[in-house]
Amino acid sequence: MLQLPFIKENKDLVIARLAKKNIDATAMINDVISFDEDRKRIQTNLDNTLAESNALSKEIGNLYKSGEAQKANLLKEKTSQLKELSKELSETLTAKVEALKELLFKIPNVPHEIVPAGTTEADNEETFREGDIPKLYDGALPHWELAKKYDIIDFELGNKITGAGFPVYKGKGARLQRALIAYFLDKNIDTGYTEYQLPHLINEASGIGTGQLPDKEGQMYHVGEDNLYLIPTAEVPGTNIFRDVVLSESELPIAITGYTPCFRREAGSYGAHVRGLNRLHQFDKVEIIRVEHPRKSYDALVGMVDHVKGILQELKLPYKILRLCGGDTSFAAAITYDFEVFSTAQDRWLEVSSISNFETFQANRLKLRFKNAKGKNELAHTLNGSSLALPRVLAGILENYQTEEGIVIPEVLQPYTGFKIIN
RNA sequence: GGAGAAUUGGCAGAGUGGUCGAAUGCGGCAGUCUUGAAAACUGUUGAGGGUCACACCUCCGGGGGUUCGAAUCCCUCAUUCUCCGCCA
């Protein structure tokens with residue numbers, strides 16, 4: 001949620017920047033400003049009514065004490081009138097505040113100035129590329145064929161137990177999953193992140209805090225009976241640790257990491273591009289989350305990108321980094337860098353990580369603040385990224401590391417898997 | 001799931017109908033002392049709205065009610081603790 005004072009002071013800038021996300025926000029921004037003016041007017045009115053009523057109450061108390069009950073009773077009549085008026089006013093006020101809030105919830109974050117304009121992934125800007133694309137033997141297979149050939153992932157079994165998009169990992173496949181999780185966590189911990197084990201279900205307030213609710217309700221699995229949601233990413237429970245929290249400045253920066261399964265309904269997306277591990281309803285991910293001082297968040301973003309680079313370098317996977325264009329940048333993000341690994345057998349790039357700076361957008365919803373040097377509460381910046389999401393990394397490994405003898409395990413993973421080849 | 005107790009400022013913790021946005025302690029900030037720091041002492045210190053600044057308004061877990069007036073009484077929900085039940 002954007003900050004109201006920021007919108008008021010930077011109206012034109014906000015509209016211009018949101019145009020990069022292909023949104024004409026003129027009407028919404030004008031409404032926000034006029035709603036707020038209405039709100040202020042009603043509030044003043046209500047405040048004055050309450051002030052009068054408070055003063056009368058005090059007077060009545062004093063009159064009773066001095067034994068002048070008759071005079072007091074006279075005043076009581078007046079307060080009941082004021083009470084009715086204030087009730088009306090406060091109802092009007094609540095309605096206005098709700099309308100304003102609803103509107104603010106609908107306005108996406110303003111993209112950073114270096115975010116390129118654009119509508120589709122074709123407009124994303126490649127900022128870095130590294131790693132050699134391997135030459136595979138004749139008859140190299142896509143990962144879903146490899147999974148079957150070596151019996152390490154069973155998609156049909158998942159269909160039977162749950163449905164499409166819930167694969168079953170078996171034997172060395174399961175062990176490789178566990179190895180990747182442990183390896184990613186260790187890398188993150190070595191860089192200063194503290195490991196957390198987080199709930200896999202979240203309540204409504206948490207969904208609102210990070211922006212999944214109310215807008216993207218349909219993307220999460222919902223447990224109706226208890227009104228809880230299955231997490232679509234560890235970002236949600238991880239960032240909500242800091243909901244309604246006032247930190248001291250010395251506690252910053254905060255860096256946490258956690259492994260969780262992620263659940264996404266991904267309604268309506270079927271076809272060739274979602275085959276195998278490319279898109280799932282349940283997948284594993286190790287997330288990194290940072291809470292930063294506003295002045296330092298962009299340095300932190302660079303640090304996160306470098307960190308993920310280091311992991312992909314160690315895994316020796318060819319990858320590129322994209323600065324997402326406005327149209328591809330998510331609702332809550334001010335800027336996002338995507339990492340894509342080249343999947344040789346599919347001859348396409350697969351997104352394995354997405355690192356974003358949300359600036360104060362989430363913090364404003366969360367009421368995540370810190371006491372600044374002046375002793376005032378100030379919204380912190382939040383950032384997060386995948387470090388890393390498993391399925392597509394796994395797809396990349398299976399496809400790029402395949403040989404006629406079997407799938408060779410990247411060297412850095414071997415201490416974690418306990419084997420060197422899947423055959 | 002059943003019974004009882006509790007939920008107050010960054011933290012701990014008083015406060016049972018008006019003088020309470022709220023004692024006290026810790027922490028934070030500023031100062032005195034000190035070469036500097038610590039200790040000690042002094043002052044200051046909740047959040048949001050509103051205002052040029054005041055005034056003023058709201059907030060004592062969430063929501064609702066009683067009352068001229070609620071942190072304080074009532075209802076309800078959530079959470080925590082104790083006891084019982086169930087259980088990996």
Side-chain angles (χ1 to χ4, degrees), chain A residues 1-9 32-101 103-104 197-209 213-214 223-229 237 240-254 291 293 360 363-380:
Chain A
M1 183 164 61
L2 292 174
Q3 293 173 264
L4 194 49
F6 176 80
I7 294 177
K8 286 199 281 194
E9 281 160 34
V32 163
I33 292 169
S34 85
F35 277 29
D36 188 52
E37 280 164 4
D38 291 348
R39 192 220 93 231
K40 215 185 265 190
R41 210 187 52 243
I42 300 164
Q43 176 117 45
T44 306
N45 213 335
L46 174 64
D47 285 357
N48 291 339
T49 310
L50 288 173
E52 200 179 331
S53 166
N54 286 344
L56 280 175
S57 286
K58 239 176 213 166
E59 211 176 324
I60 289 169
N62 289 333
L63 285 172
Y64 273 125
K65 264 183 207 157
S66 57
E68 298 175 85
Q70 253 187 343
K71 272 191 184 172
N73 286 333
L74 224 61
L75 287 182
K76 274 195 197 177
E77 277 178 38
K78 200 165 179 190
T79 56
S80 69
Q81 281 173 24
L82 287 173
K83 205 176 174 184
E84 223 161 282
L85 179 60
S86 68
K87 197 178 170 190
E88 259 173 55
L89 284 169
S90 88
E91 272 164 17
T92 319
L93 181 66
T94 307
K96 190 53 84 175
V97 168
E98 282 304 311
L100 178 58
K101 209 159 83 180
L103 196 55
L104 282 171
Q197 283 205 11
L198 296 158
H200 300 168
L201 281 89
I202 51 118
N203 59 26
E204 210 175 343
S206 294
I208 291 169
L213 295 174
V223 184
E225 197 171 357
D226 297 296
N227 196 24
L228 297 172
Y229 296 85
N240 272 284
I241 292 171
F242 305 102
R243 174 153 46 86
D244 293 317
V245 166
V246 180
L247 298 161
S248 64
E249 194 167 343
S250 61
E251 287 176 271
L252 298 175
I254 289 169
V291 180
H293 190 288
T360 59
N364 193 28
R365 286 189 173 211
L366 293 162
K367 295 205 189 71
L368 162 53
R369 296 164 297 176
F370 68 97
K371 276 231 184 300
N372 66 21
K374 287 179 193 153
K376 294 299 284 179
N377 288 345
E378 184 177 341
L379 292 174

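Reminder, nothing fancy here: chain letters follow the sequence lines and each chain counts from 1.
- Within the 4.5 Å cutoff, side-chain heavy atoms of A/Glu52 are placed close to those of A/Lys78.
- Between B/C87 and B/U76, the two P atoms lie 30 Å apart (nearest whole Å).
- For the P atoms, the distance from B/C11 to B/A23 is 16 Å, rounded to whole Å.
- Among the atoms of the strands shown, none is found under 4.0 Å from any heavy atom of A/Arg41.
- One P atom belongs to B/U24, the other to B/G43, and the distance between them is 11 Å to the nearest Å.
- B/U67 and B/C75 have their C1' atoms separated by 16 Å, given to the nearest Å.
- What you find for A/Arg243 and A/Asn203 is that their closest heavy atoms are NH2-OD1, 3.8 Å.
- Nucleotide B/U58 holds its P atom 12 Å from the CG atom of A/Leu93, rounded to whole Å.
- In terms of position along RNA chain B, the nucleotide closest to A/Lys376 lies nearer the 5' end than the nucleotide closest to the other residue of the pair A/Ser80 and A/Lys376.
- In this structure, A/Leu82 places its CG atom 13 Å from C1' of B/G69, rounding to the nearest Å.
- On the C1' atoms, B/C26 is 33 Å away from B/C77, given to the nearest whole Å.
- Counting non-hydrogen atoms under 4.0 angstrom, A/Asn73 reaches nothing in the nucleic acid.
- Between the NZ atom of A/Lys83 and the P atom of B/C57 there is a distance of 17 Å, given to the nearest Å.
- B/C57 atom P lies 15 Å from atom CG of A/Leu85, rounded to whole Å.
- For B/A39, there is no paired base (Watson-Crick or G-U wobble, both distances below 3.5 Å).
- Separating the CG atom of A/Leu4 from the C1' atom of B/G50 is a distance of 14 Å, rounded to the nearest angstrom.
- In this structure, B/A14 makes no Watson-Crick or G-U wobble pair, since no nucleotide meets both defining distances under 3.5 angstrom.
- Other residues, nucleotides and ligands contribute at most 12 non-hydrogen atoms within 6.0 Å of the NZ atom of A/Lys71.
- Residues A/Glu251 and A/Ser248 bring a donor and an acceptor atom of their side chains to less than 3.5 Å of each other.
- Closest approach to the A/Arg39 side chain among B/G48, B/G49, B/G18 is made by B/G49 (side chain taken as heavy atoms from C-beta onward).
- The interatomic distance linking A/Asp244 (CG) with B/U7 (P) rounds to 20 Å, in whole Å.
- A pairwise comparison of heavy atoms in A/Lys371 and A/Glu249 identifies O-CB, 3.4 Å as the closest pair.
- The residue among A/Arg369 and A/Ile60 whose nearest nucleotide of RNA chain B lies closer to the 5′ end is A/Arg369.
- Shown here, B/A55 forms no base pair; nothing in the strands shown gives a Watson-Crick or G-U wobble contact with both key distances under 3.5 Å.
- You'll find the side chain of A/Leu366 stays beyond 4.5 Å of the side chain of A/Val245, heavy atoms only.
- Phosphate contact (OP1/OP2 of B/G69, side-chain N/O of A/Lys76, threshold under 4.0 Å): absent.
- In this structure B/C83 sits in a base pair with B/G2, meeting the Watson-Crick or G-U test at under 3.5 Å.
- Using a 4.0 Å heavy-atom distance criterion, A/Lys40 is classed as a sugar-phosphate-only contact.
- Regarding A/Leu50, its CG atom lies at a distance of 21 Å from the P atom of B/G48, rounded to whole Å.
- With B/G10, B/C56, B/C68 as the choices, the nucleotide that has an atom nearest any side-chain atom of A/Ala51 turns out to be B/C56.
- When Watson-Crick and G-U wobble pairs are counted only if both distances are under 3.5 Å, B/U44 pairs with B/G28.
- Here A/Thr44 lies out of heavy-atom contact (under 4.0 Å) with every strand.
- Not a single donor-acceptor pair, N or O on each side, falls under 3.5 Å between the base of B/G69 and the side chain of A/Asn54.
- Partner assigned to B/C20 is none, using Watson-Crick or G-U wobble distances below 3.5 angstrom.
- Taking the C1' atom of each, B/A71 and B/U7 are spaced 12 Å apart, rounded to whole Å.
- The nearest whole Å value for the distance from the NZ atom in A/Lys87 to the C1' atom in B/G65 is 10 Å.
- Under the Watson-Crick or G-U wobble criterion, with both distances below 3.5 Å, B/A70 is left unpaired in every strand shown.
- One distance of note links CG of A/Asn54 with OG1 of A/Thr49; it measures 10.5 Å at 0.5 Å rounding.
- B/U51 and B/C57 have their C1' atoms separated by 12 Å, given to the nearest Å.
- Counting non-hydrogen atoms under 4.0 angstrom, A/Leu75 reaches nothing in the nucleic acid.
- Across every strand in view, B/C60 sits unpaired, with no contact that passes the Watson-Crick or G-U test at under 3.5 angstrom.
- Rounded to the nearest Å, the gap between the P atom of B/A88 and that of B/A6 is 34 Å.
- A distance of 4.5 Å separates CG of A/Leu4 from CG of A/Asp36, quoted to the nearest 0.5 Å.
- Picking from B/G48, B/G49, B/C68 the nucleotide with the shortest atom distance to the side chain of A/Gln43 gives B/G49.
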